[in-house]
**Student:** 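Next up is a structure, given as structure tokens.
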Amino acid sequence: MATKKITLPDPYAHKTLRSYCTALVRCGAAESLTDARKKARTTIPSEKSIQAEILCYLNEIGFFWKDAAGPYQQRGIPDIVGVLHGRFCAFEVKRPLLGEATPLQERTIQRIQDKGGVAEVVTSVADVRAALEEAHLVPQKEAAR
């Protein structure tokens, strides 16, 4: 007997974890909401993979790096920092539906914005593009890339 291939829902198409979990149950990928929550942790892209995609995009248009956390680093600094067209940019990367910035990360982002930098919590390359477009650092056609 052939197994039916299940098409998983796109986590970026959902505003809440509950909505995504409900979609996992409806498509047959999970038997219950509890099972769906466990499944969501493995089907939603990892922060590391999202960071890699974002860095790849950003380094095509500017100079960016992954800030290495360690005992001598200032706490709260966003994951990805760099310069685009002479402007400091910083992005705190979180998993869609699962990740949430800490109060310290939110305050750091606000401080960067207050000083004229571009700083946002992002979950995808599309979020980064939108932030750069809003800051007029990439032309409309680049943002739609």
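Source: prediction; values computed, not measured.
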**Student:** What's the spacing between L33 CG and R18 CZ if we round to 0.5 Å?
**Tutor:**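 It comes to 5.5 Å.
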**Student:** Between NE2 of H14 and CG of L97, what distance do you get to the nearest 0.5 Å?
**Tutor:**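 The distance works out to 8.0 Å.
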**Student:** About how many Å separate CZ of R37 and OG of S32, when rounded to the nearest 0.5 Å?
**Tutor:**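 Taking OG in S32 and CZ in R37, the distance rounds to 8.0 Å.
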**Student:** Examine V81 and L58 and state if one hydrophobic cluster contains both, with Ile, Leu, Val, Met, Phe, Trp and Tyr joined whenever side-chain heavy atoms are less than 4.5 Å apart.
**Tutor:**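 No; L58 is not reachable from V81 via cluster members.
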**Student:** Using modelled atom types only, decide if a donor and an acceptor are shared between the side chain of R111 and the backbone of R107 within a distance under 3.5 Å.
**Tutor:**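 Not confirmed, R111 side chain does not pair with R107 backbone.
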**Student:** Same hydrophobic cluster for V121 and V93, using side-chain heavy-atom links shorter than 4.5 Å among ILVMFWY?
**Tutor:**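 They do not share one cluster, since no chain of ILVMFWY contacts under 4.5 Å joins V121 to V93.
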**Student:** Restricting to non-hydrogen atoms, name the atom on L132 and the atom on C89 that form the minimum distance, rounded to 0.1 Å.
**Tutor:**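 Closest approach of L132 to C89: CD2-SG, 4.1 Å.
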**Student:** Looking at R129 and Y57, would you say the former's side chain and the latter's main chain have a donor-acceptor pair under 3.5 Å?
**Tutor:**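 Here the side-chain-to-backbone pair does not exist.
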**Student:** Return the set of residues passing side chain to side chain donor-acceptor pair (under 3.5 Å) with E120 (not counting sequence neighbours), or none when no residue passes.
**Tutor:**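 Once residues adjacent in sequence are excluded, the partners of E120 under the side chain to side chain donor-acceptor pair (under 3.5 Å) criterion are Q113.
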**Student:** Can you give me the closest heavy-atom contact between I50 and R95, atom names plus distance?
**Tutor:**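 Where I50 meets R95 most closely, the heavy atoms are CD1-CA, 4.1 Å.
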**Student:** Please indicate whether Q74 has more than 12 foreign heavy atoms, meaning atoms of other residues, nucleotides or ligands, lying under 6.0 Å from its CD.
**Tutor:**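 At most 12 heavy atoms, drawn from other residues, nucleotides or ligands, come within 6.0 Å of this atom.
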**Student:** Looking only at heavy atoms, what is the nearest atom pair of V118 and A135, with distance?
**Tutor:**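 What the structure gives for the nearest pair is CG2-CB, 3.5 Å.
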**Student:** Are any of the side-chain heavy atoms of I44 and P96 separated by less than 4.5 Å?
**Tutor:**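 Yes, side chains in contact.
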**Student:** Would you say I77 ends up clustered with V122 if hydrophobic residues are merged whenever their side chains have heavy atoms under 4.5 Å apart, either directly or through other cluster members?
**Tutor:**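 No; tracing contacts between hydrophobic side chains, which count when under 4.5 Å, never links both residues.
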**Student:** CD/Q105 to CD/Q110 distance, rounded to the nearest 0.5 angstrom?
**Tutor:**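 One gets 14.5 Å once the value is rounded to the nearest 0.5 Å.
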**Student:** Find out if a path of hydrophobic residues (ILVMFWY) with successive side-chain heavy-atom gaps under 4.5 Å connects I112 to F64.
**Tutor:**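 Hydrophobic grouping puts I112 apart from F64.
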**Student:** At what distance, to the nearest 0.5 angstrom, does CG of D35 lie from CG of L24?
**Tutor:**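 So the CG of D35 and the CG of L24 are separated by 9.0 Å.
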**Student:** Mark yes when over 12 heavy atoms from residues, nucleotides or ligands other than E31 sit less than 6.0 Å from its CD; otherwise mark no.
**Tutor:**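 No - once you tally the heavy atoms of other residues, nucleotides and ligands closer than 6.0 Å, there are 12 at most.
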**Student:** Rounded to the nearest 0.5 Å, what separates atom CG in L17 from atom CZ in R41?
**Tutor:**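 Rounded to the nearest 0.5 Å, the CG-CZ separation comes out at 6.5 Å.
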**Student:** Search all heavy atoms of A36 against all heavy atoms of C21 and return the closest pair with its distance.
**Tutor:**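 Closest heavy-atom pair between A36 and C21: CB-O, 3.4 Å.
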**Student:** Are I61 and L55 linked, directly or through other ILVMFWY residues, by side chains that come within less than 4.5 angstrom of each other?
**Tutor:**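 In one cluster with I61: L55, yes.
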**Student:** Pairs in or reaching into residues 65-84: which pass ring-ring contact (aromatic ring centres under 6.0 Å, His included), with residues at least two apart or in two chains?
**Tutor:**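 Matches after skipping sequence neighbours: F63-W65.
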**Student:** Applying ring pair (Phe, Tyr, Trp, His ring centres under 6.0 Å), name anything that partners F91, two or more places apart in sequence or on another chain.
**Tutor:**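 So F91 forms no ring pair (Phe, Tyr, Trp, His ring centres under 6.0 Å) with any residue.
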